[in-house]
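In what follows, a single structure is set out as structure tokens and then discussed.
Counting convention: from 1, in listed order, for ligands and their atoms alike.
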Amino acid sequence: MRVAVFSAKPYDKVYLTQFNQDLDLDLQFFDNGLNNQTVVLAEGFNAVCVFVNDVLDDTVLTDLSKRGITHVALRCAGFNNVNLAKAKELNISVSRVPAYSPQAVAEHAVALILTLNRKLHKAYNRVRENNFSLHGLLGFNLYGKTVGVIGTGNIGEAFVNIMLGFGCQVKCYDPLPKQQLIERGAEYVSLDELFKQGQIISLHCPLNASSTHLINSQSIELMQDGVMLINTSRGGLIDSKAVIHALKKGKIGYLGLDVYEMESDLFFEDHSATIIQDDVFERLASFPNVLITGHQGFFTHEAMQQIAETTLGNLQAVQQNRQIEARFL
Ligand code: NAD
């Protein structure tokens, strides 16, 4: 099976090549993301392997189908970038990596919380300049604080467990509550109640029609003054302009982002020598109480291994017609 691997960074090549050693998949790596302009590169392949910011809308899927692509293998968990209805109509099957080291993303969310709270990024720079002043570095104890968790799937559950370990009161919202989390001490509440009670609120639900801009001016209004908001899920969960307004007023006291609604134009590339044209992103990055990382929550050795293994397993199952074993959507 000939597979065109899009958005292939050097680290993707390392892990995919390593796990392909015992398989007979013909992988060809393209640095380019998949979109309307680059879809031509899929000519002559049987499947495409894609990542979070590749575009699989009506137009691209139709073009892929005309070029003979019958399978899309996502090497990520989220699938908001794929028009599944169109893929089905075109008889293109879609697989993903439903669970890979959820701890990778959960631990990154905790890293954002700890860094924002104890200002490690500022302390690191100060000490390097022999400035040992503690002025402006005051934090708060996590112990006893109320943490709201939206979405308690694989990543949310791992995150809840860590925060329970810190001695936090954990309030969750998920349409499918998990009994084991209740037994461990977490409590499920309504979304409004979570917004009202959470001193820290962390997002771990998928992006879909009902969750788009879940964090907006109305939901922010319900939150506590000075709330800490963490998003390691998908950028579209947050209305960035509403968040900027709340940061300016001090309603949001801390913001930690690993994802951003318009990240596809920015993330995973080095733009250090260019002028960023996205004024919303630049405004967000200018606040002293905002910490942004470029979608690196998944980026651990363990997660990369699991992503490569599952993605190639999905492709091989498709190749060998072992449909039942692929993680289809
Ligand atoms: P999952 O499917 O295991 O869990 C998602 C949970 O969200 C489910 O329990 C579901 O019931 C719940 N949910 C669905 N809609 C909801 C809503 N409107 N409100 C509250 N809960 C809702 O997914 P996961 O593996 O835990 O991943 C969660 C998200 O994390 C993914 O969708 C993806 O967007 C994101 N993610 C980010 C990174 C990263 O590198 N930053 C990596 C992997 C995944």
Identity and distance of the protein heavy atom lying nearest atom 7 (O) of ligand 1: Pro206 CD, 3.3 Å

Report yes or no: does Tyr100 have a heavy atom closer than 4.0 Å to ligand 1? yes

Option whose closest heavy atom lies nearest to atom 6 (C) of ligand 1, chosen from Thr293, Leu176, Asp174: Asp174

For Lys241, is there an ion pair with Glu261 - N to carboxylate O distance below 4.0 angstrom? no

Would you say atom 23 (O) of ligand 1 makes contact with the protein, given that contact here means a non-hydrogen protein atom less than 4.0 Å away? no

Short N-O contact, Asp63 and Arg67, less than 4.0 angstrom: yes

Cation-pi check for Phe281 against Arg283: NZ or CZ below 6.0 Å from the six-membered ring centre and within 45 degrees of the axis, yes or no? no

His295 and ligand 1 - part of the residue with a heavy-atom distance under 4.0 Å: side chain

Is the closest basic N to carboxylate O distance between Glu221 and Lys196 below 4.0 Å? no

is_close_aromatic(Phe195, Tyr173), centroid dist under 6.0 Å: no

Please state whether Asp258 comes within less than 4.0 angstrom of ligand 1, counting heavy atoms only. yes

At the 4.0 Å heavy-atom cut-off, does Ala99 count as touching ligand 1? no

Just by distance, with hydrogens left out, do Glu107 and Gln103 show a side-chain donor and acceptor under 3.5 Å apart? no

Report the part of Ile155 in contact with ligand 1, treating N, CA, C, O as backbone and CB onward as side chain, heavy atoms under 4.0 Å; options are side chain, backbone, both, neither. both

Nearest protein heavy atom to atom 2 (O) of ligand 1: under 4.0 Å? no

Salt bridge or not for Lys171 and Glu193, using N-O below 4.0 Å? no

Between Phe299 and ligand 1, which part of the residue brings a heavy atom under 4.0 Å of the ligand: side chain, backbone, both or neither? neither

So for Pro175, does at least one of its heavy atoms come nearer than 4.0 angstrom to any atom of ligand 1? yes

What I want to find out is whether Asp258 reaches Arg234 closely enough, with some N-O distance under 4.0 Å, to be called a salt bridge. no

